[in-house]
Amino acid sequence: MENRITDIGPPYYAQFFPPVIKKNYGKWKSHEIIEPGVLKYTSETGDVVYVVRVGTPRLATTDYIREVCEIADKYCDGYVRWTTRNNIEFHVTDEETLRALKEDLKSRKHPGGSYKFPIGGTGAGVTNIVHTQGWVHCHTPAIDASGIVKAVMDDLIDYFESMTLPAQVRIALACCLNMCGAVHCSDIAILGIHRKPPLIEDDRLEYVCEIPLVLASCPTGAIKPATVEIDGKKKKTVRVQESRCMFCGNCYTMCPAMPIADGEGDGVAILVGGKISNRVSAPKFSKLVIPYIPNEPPRWETTVKWVRKILETYAKHARKYERVGEWAERIGWERFFELCEIPFSSKTMDDYRLAYDTYRTSMHFRF
Ligand code: SF4
Ligand code: SF4
C-alpha cells in the first residue's frame, strides 16, 4: 500500500472490496433482508448487491476453504467475506446468479445429509455464535469453545435458517472469564468457568516463573512470595490466599507452574440479557442465571438443553422487537426464572455492579 513502511498489522481493507462495493462505497441508499439469509443493498447509482450469508463451523479444514473459494470463483469473481460471527457472505449483482448460487449452496451436503452451507443468520433469528477457541489454542480455557458451539448450533439450526423470533438473539461463548467472546453483552452467553484456585508446583516454580511478575499478575492481590524446603533445599515459590482467588487463571498465563485447569471443577455458566445495541433500551450487561453445568464433551447435552429452553421461553413470551434482556426486565427477573424453570440460587444474578470500583461482583436480586 502507498506510504506503508512496514508489513506489521492488517492490510488496508479497501483493497479487498469487490469492484461493485468499491464503486458504491458511501453511496448505499438502502438495505433490506429479502428472505432469511439474503440481504439486498441498493445504491444511489442504481447498482444492486445481493448478499447470501451462510454459517460456518469456524474451525475450517483446507478442503472446506478450497470449496468456499471455488464457490466464490464461480459466482462472485473470486470475492468472499468472512464476518465477525463466523458466517461467510457471498456477493452477487443479479437475481439469476443469486438463484443459481442459492441452489448450489443448498445442494452441497455432508455425507450425513446436513447442509454444508446453511443459509441464514439474519434479522429476528439466531445468527452464528461469536466465540473463542477453547482447548484448541489457549492456555486458560475451562471448556472447549468450538465443540459446544457446534452442539448448540446443530440444535438451533432452525432458528438460524428462519426469522421467527421476537427480535435478533445474539449468542456468545467464551472459554474462560477473560471473555474473549462477547459474553458480557450477549442475549444468551455461555461461559467457561474454573472453580478452584491454581495448583502450585513448588519444585519447579522458581525455574520457570518470574515471581514478581506472578505477584503482579493477580488482579485481587491473592499471591504472596514464599519459601519452602524440598529435599533439604530452600526453594522460592508463592502461596495463594484462597479466599481472595476468583479463579481467573491470570497467574497461569504468567507462570506455567500454576496450572488452573481441573477436570472436576471446570464447567459452564450461562448468562442472559446483555446487548450492545442502544435500540429501544440502553446497552446492558448479561446476568448470571445458571452458575454451573459440568463439562459434557462431546455434545454438552445439559448446556444445549438450557440454551434451547431459554430461547424458546423468550420466543413464546416476549413482545415483537423485544430483546431477551428487555423481556426479562419487563416481566421481572423473578418471573424469568419461573418461566424458564431455572432453579434460583444465591449465586445467580450477578450484574457486575460492584465490579466497577471493587474486586467483588454483586448478587443483586429483587424478591
Ligand atoms: Fe483463552 Fe480465556 Fe480467551 Fe478462551 S476466553 S481464548 S481461555 S483467554
Ligand atoms: Fe489471582 Fe486469578 Fe491466580 Fe486466583 S487465579 S491467584 S485470582 S491470578
Side-chain angles (χ1 to χ4, degrees), residues 57-59 84-86 128-152 170-186 188-202 204-206 208-226 228 236-271 274 285-286 288 292-293 295 297 300 303 350 352 354-355 358-361:
R58 181 166 180 187
L59 286 186
T84 52
R85 300 197 78 96
N86 313 310
N128 219 342
I129 297 181
V130 160
H131 70 100
T132 52
Q133 288 297 4
W135 296 331
V136 174
H137 89 272
C138 199
H139 43 265
T140 50
I143 55 172
D144 189 21
S146 304
I148 303 185
V149 167
K150 172 81 175 116
V152 169
R170 296 286 182 250
I171 304 180
L173 182 147
C175 37
C176 85
L177 52 66
N178 284 325
M179 291 195 193
C180 303
V183 160
H184 60 294
C185 58
S186 292
I188 301 175
I190 303 162
L191 175 66
I193 48 161
H194 300 288
R195 298 188 305 161
K196 294 184 184 175
L199 285 174
I200 300 168
E201 297 173 348
D202 286 330
R204 71 183 191 115
L205 192 138
E206 69 175 4
V208 294
C209 308
E210 291 280 353
I211 289 177
L213 192 63
V214 181
L215 305 191
S217 74
C218 181
T220 67
I223 308 175
K224 296 279 176 277
V228 295
K236 288 184 185 166
T237 184
V238 297
R239 285 291 171 265
V240 170
Q241 189 184 334
E242 297 196 358
S243 56
R244 299 192 94 178
C245 178
M246 61 178 186
F247 325 131
C248 67
N250 267 5
C251 47
Y252 181 57
T253 308
M254 295 298 156
C255 175
M258 297 181 73
I260 193 159
D262 180 88
E264 285 175 6
D266 297 349
V268 176
I270 293 190
L271 297 90
F285 278 136
S286 318
L288 181 69
Y292 177 71
I293 300 168
N295 254 321
W300 280 273
T303 302
D350 191 336
Y352 306 107
L354 294 176
T358 75
Y359 289 135
R360 307 252 175 246
T361 54

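When a ligand or atom number is given, it counts from 1 through the structure's own listing order.
Contacts between Thr140 and ligand 1, counted as non-hydrogen atom pairs separated by less than 4.0 Å, involve both the backbone and the side chain.
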Using side chain to side chain contact (heavy atoms under 4.5 Å, CB included), reason through His194 and Asp262 one step at a time and then give a plain yes or no. CA-CA 7 Å; His194 300 288; Asp262 180 88; 5.9 Å; no

Between His131 and Ile148, does a side chain to side chain contact (heavy atoms under 4.5 Å, CB included) hold up when you go through it step by step? CA-CA 10 Å; His131 70 100; Ile148 303 185; over 6 Å; no

Are Ile223 and Met258 close enough, and set up right, to give a side chain to side chain contact (heavy atoms under 4.5 Å, CB included), and what steps lead you there? CA-CA 11 Å; Ile223 308 175; Met258 297 181 73; 4.1 Å; yes

Under the side chain to side chain contact (heavy atoms under 4.5 Å, CB included) criterion, do Leu205 and Ile211 qualify, and how do the steps go? CA-CA 8 Å; Leu205 192 138; Ile211 289 177; 3.8 Å; yes

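In summary, the atoms of ligand 2 found under 4.0 Å from a heavy atom of Ile223, numbered by their order in the structure, are 6 (S). Atoms of ligand 1 lying under 4.0 Å from at least one heavy atom of Asn178, given by number and element, are 2 (Fe), 8 (S). Interface atoms of ligand 1 facing Pro141, defined by a heavy-atom separation under 4.0 Å, are 7 (S). Short contacts between ligand 1 and Cys138, defined as distances under 4.0 Å to a heavy atom of the residue, involve ligand atoms 1 (Fe), 6 (S), 7 (S), 8 (S). Interface atoms of ligand 2 facing Thr220, defined by a heavy-atom separation under 4.0 Å, are 7 (S). For ligand 1, the atoms sitting less than 4.0 Å from at least one non-hydrogen atom of Thr132 are 4 (Fe), 5 (S), 6 (S), numbered in the order shown with element in parentheses.
To the nearest 0.5 angstrom, Arg195 atom CZ is 9.5 Å from Glu264 atom CD. Taken to the nearest 0.5 Å, the OG atom of Ser186 stands 9.0 Å off from the CD1 atom of Ile171. One distance of note links SG of Cys138 with CG of Asn178; it measures 7.5 Å at 0.5 Å rounding.
Because the distance cut-off is set at 2.8 Å, His137 fails to qualify as a neighbour of atom 1 (Fe) of ligand 1, as none of its N, O or S atoms comes that close. Look at Cys180 and atom 3 (Fe) of ligand 1: an N/O/S atom of the residue is under 2.8 Å from the metal.
Counting only heavy atoms of the protein, atom 7 (S) of ligand 2 lies nearest to Met246 N, 3.3 Å. What sits closest to atom 2 (Fe) of ligand 2 on the protein, heavy atoms only, is Cys248 SG, 2.3 Å. For atom 1 (Fe) of ligand 2, the closest non-hydrogen atom of the protein is Cys218 SG, 2.3 Å. Summary of contacts: the protein heavy atom closest to atom 8 (S) of ligand 2 is Cys251 N, 3.4 Å. Among protein heavy atoms, the minimum distance from atom 4 (Fe) of ligand 2 is reached at Cys245 SG, 2.4 Å.
By the neighbour-count criterion of 12 heavy atoms within 6.0 Å, atom CD of Glu210 is sparsely surrounded, having that number or fewer from other residues, nucleotides or ligands.
Ligand 2 is never approached by Pro197 to a heavy-atom distance shorter than 4.0 Å.
Evaluated for a side-chain contact (heavy atoms from CB on, under 4.5 Å) with Leu271, the options Ile190, Ile188, Leu288 yield exactly one hit, Leu288.
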